[in-house]
Amino acid sequence: MKRRLAIFISILTLLCSCKEGFDDNTKKTIFVTITPLKMVAEELTCGDFPVEVLVPEGASPETYDPTARQLTDANRAQLLFSTGLIEFEQSLASRIAHKERVVDLSSGITLLAGCCSHKHSHDHAHHTHGIDPHIWTSPRALATMVRTIHKRIMLLYPDSVKYEAAADRLLERIANIDSRCRELIETSNTKAFMIYHPAYTYYANDYGLQQISIEQDGKEPSPRQLTTLIEEARQHGIRSILIQPQYSHDKVRSIAKECDMEIIDIDPLAKDILSEIERVTTIICRSDEQ
């Protein structure tokens with residue numbers, strides 16, 4: 001009888017320890033809503049914690065709905081970093097029990113009106129078209145987001161010298177890329193670029209560029225709008241159209257053919273968003289020189 005009791009206690013202890021291990025591991029996890037934030041969180045924490053992305057690769061944040069499992073895991077995580085501007089993020093934040101774990105990265109950023117299909121409201125600003133949520137495509141805004149993430153992490157780990165050093169390194173990289181982008185744009189005399197979905201509003205604002213969007217309020221351009229777009233492309237000497245992987249080239253093929261423009265794939269949801277920002281700058285500056 002004693003032997004059976006000892007075995008029962010051993011099994012019960014093992015089961016409890018496994019459950020506790022799962023919970024502890026989950027609580028150490030950091031969640032981010034979109035892929036570009038994963039790189040930032042990983043670099044700022046030196047890879048010390050698992051970083052999970054809610055929106056899977058290839059999915060659109062604008063139409064995404066987190067699964068029940070993701071909601072459960074996010075509630076257990078130690079931190080959840082969000083732009084705070086995408087509809088699913090706002091819905092998710094309302095379902096997180098510990099509100100203090102949700103960090104809104106739009107704080108401290110001057111928000112801009114958008115001309116796409118997003119339907120947002122935010123305390124910082126209001127507009128009939130809503131707020132453009134793509135703050136992570138701007139080096140300046142990204143630097144602010146890094147500082148916000150770093151500040152929140154340091155509240156949990158105030159004695160971590162290596163996290164301070166990691167933040168300095170990442171901010172230096174952002175500053176260097178910002179300088180290179182500015183120099184490329186100024187020396188090439190680039191004034192505008194054309195894109196299917198307007199994901200680079202904050203980037204354009206950083207460098208005084210005009211973002212010419214083919215998609216208008218989430219809709220295809222009318223014949224009249226199409227004529228205007230063609231005229232603008234010719235006026236600015238634009239030689240390429242940028243398009244995200246979520247959209248078919250068929251949506252821009254007619255304009256490209258009419259203006260003899262190249263269709264180039266870009267990805268504002270790239271994990272290494274800094275390299276992608278620099279690549280986009282190289283593309284639009286090269287385009288302008290052709």
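In what follows, every heavy atom counts, from backbone to side chain, and hydrogens, waters and symmetry copies are set aside. In this text, all values refer to a predicted model and were calculated from it rather than measured experimentally.
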Next item on the list: Please say whether more than 12 non-hydrogen atoms of neighbouring residues, nucleotides or ligands are located less than 6.0 Å from CD in E57.
Entry: no
Next item on the list: Verify the distance criterion only: is there a donor paired with an acceptor across the side chains of D168 and Y163 at less than 3.5 Å?
Entry: no
Notebook entry, point to check: Hey, are K38 and E42 close enough for a salt bridge, meaning a charged N less than 4.0 Å from a carboxylate O?
Noted result: yes
Notebook entry, point to check: Would R152 and L44 satisfy side-chain contact (heavy atoms from CB on, under 4.5 Å), going step by step from the backbone distance to the final call?
Noted result: CA-CA 11 Å; R152 189 65 181 82; L44 289 179; over 6 Å; no
Margin query: Looking at every non-hydrogen atom in both residues, tell me the closest pair between P66 and L92 and how far apart they are.
Written below: CG-CD1, 4.4 Å
Check: So do the side chains of Y200 and F193 get within less than 4.5 Å of each other, counting heavy atoms only?
Finding: yes
Note to self: Between R234 and E258, is the salt bridge (charged side-chain N to carboxylate O under 4.0 Å, His left out) condition met? List the steps.
What the structure shows: CA-CA 10 Å; R234 287 172 174 165; E258 183 70 25; 3.2 Å; yes
Margin query: Within the 3.5 Å criterion, strictly below it, is a donor on T83 or E89 matched to an acceptor on the partner's side chain?
Written below: yes
Next item on the list: Decide, yes or no, whether a salt bridge links R279 with E276 under the criterion of side-chain N to carboxylate O below 4.0 Å.
Entry: yes
Item checked: pair L80-R101: side-chain heavy atoms closer than 4.5 Å -> no
Item checked: Contact check, side chains of Q246 and P268, non-hydrogen atoms, under 4.5 Å -> no
Notebook entry, point to check: Is the distance between the ring centroids of Y247 and H197 under 6.0 Å?
Noted result: yes
Notebook entry, point to check: Does some side-chain heavy atom of T29 sit less than 4.5 Å from a side-chain heavy atom of Q78?
Noted result: no
Note to self: How close do P36 and A270 get, counting heavy atoms only, and between which atoms?
What the structure shows: CG-O, 3.5 Å
Next item on the list: Using atom types as modelled and distance alone, determine if a side-chain donor or acceptor of S91 lies under 3.5 Å from a backbone N or O of E87.
Entry: no
Item checked: Nearest non-hydrogen partners of I34 and P61, listed with the distance -> CG2-CG, 4.0 Å
Check: With no hydrogens and no angle check, is any side-chain donor or acceptor of Q70 less than 3.5 Å from a backbone partner on T67?
Finding: yes
Checklist line | side-chain contact (heavy atoms from CB on, under 4.5 Å) evaluation trace for I263 with L242 | finding: CA-CA 6 Å; I263 301 172; L242 309 180; over 6 Å; no
Margin query: Could you walk me through whether I195 and I212 satisfy the side-chain contact (heavy atoms from CB on, under 4.5 Å) test, starting with their C-alpha distance in whole Å, then the side-chain angles of each, then the deciding distance to 0.1 Å, before giving a yes or no?
Written below: CA-CA 6 Å; I195 190 169; I212 302 173; over 6 Å; no
Next item on the list: Check whether any side-chain N or O of D132 sits under 3.5 Å from a backbone N or O of A113 as a donor-acceptor pair, and report yes or no.
Entry: no
Checklist line | CD/Q225: more than 12 non-hydrogen atoms of other groups inside 6.0 Å | finding: yes
Notebook entry, point to check: Between Y202 and L112, is there a donor-acceptor pair closer than 3.5 Å when you use the side chain of the first and the backbone of the second?
Noted result: yes
Notebook entry, point to check: For R95, does the CZ atom sit with more than 12 other heavy atoms under 6.0 Å from it, leaving out its own atoms?
Noted result: yes
Check: Closest heavy-atom contact between T190 and S188?
Finding: OG1-OG, 2.6 Å
Note to self: For a quick test of reading the model, state the closest non-hydrogen atom pair linking A93 to K99 and the distance between them.
What the structure shows: O-NZ, 3.0 Å
Margin query: Could you walk me through whether D104 and F81 satisfy the side-chain contact (heavy atoms from CB on, under 4.5 Å) test, starting with their C-alpha distance in whole Å, then the side-chain angles of each, then the deciding distance to 0.1 Å, before giving a yes or no?
Written below: CA-CA 6 Å; D104 183 346; F81 294 114; over 6 Å; no
Margin query: Run the salt bridge (charged side-chain N to carboxylate O under 4.0 Å, His left out) test on K257 and D250 for me, step by step, so that the C-alpha distance in whole Å, both residues' side-chain angles and the decisive distance to 0.1 Å come before the verdict.
Written below: CA-CA 11 Å; K257 183 178 180 181; D250 290 340; over 6 Å; no
Next item on the list: Would you indicate whether the side-chain heavy atoms of L54 and E52 approach each other to under 4.5 Å?
Entry: no
Next item on the list: State plainly whether the residues K162 and D48 are in salt-bridge range, i.e. N to O under 4.0 Å.
Entry: yes
Item checked: Spacing of T144 atom OG1 and L105 atom CG [to the nearest 0.5 Å] -> 10.5 Å
Next item on the list: Indicate yes or no: at least one non-hydrogen side-chain atom of L226 is less than 4.5 angstrom from one of P223.
Entry: no
Margin query: For Y196 versus Q244, what's the shortest heavy-atom pair and its separation?
Written below: CB-OE1, 4.3 Å
Note to self: Between F49 and Y157, is the ring pair (Phe, Tyr, Trp, His ring centres under 6.0 Å) condition met? List the steps.
What the structure shows: CA-CA 13 Å; F49 308 103; Y157 306 99; 5.3 Å; yes
Next item on the list: Examine distances only and state if a side-chain atom of K251 and a backbone atom of I243 form a donor-acceptor pair shorter than 3.5 Å.
Entry: no
Margin query: With rounding to the nearest 0.5 angstrom, report the CG to OG1 distance, D272 to T35.
Written below: 12.0 Å
Check: Is a salt bridge present between R239 and E262, judged by a nitrogen-to-oxygen distance below 4.0 Å?
Finding: no
Notebook entry, point to check: Between V252 and S254, is any pair of side-chain heavy atoms under 4.5 Å apart?
Noted result: no
Note to self: Treating S138 as the side-chain partner and I135 as the backbone partner, does any N or O pair qualify as donor plus acceptor under 3.5 Å?
What the structure shows: no
Notebook entry, point to check: If we only count heavy atoms from C-beta on, is the D159 to V161 side-chain gap below 4.5 Å?
Noted result: no
Checklist line | N/O donor-acceptor pair under 3.5 Å between T137 side chain and A199 backbone | finding: yes
Next item on the list: With rounding to the nearest 0.5 Å, note down the distance linking CG in N205 to CG in L209.
Entry: 10.0 Å
Next item on the list: Would you check if the side chain of N75 reaches a backbone N or O of L71 as a donor-acceptor pair within less than 3.5 Å?
Entry: yes
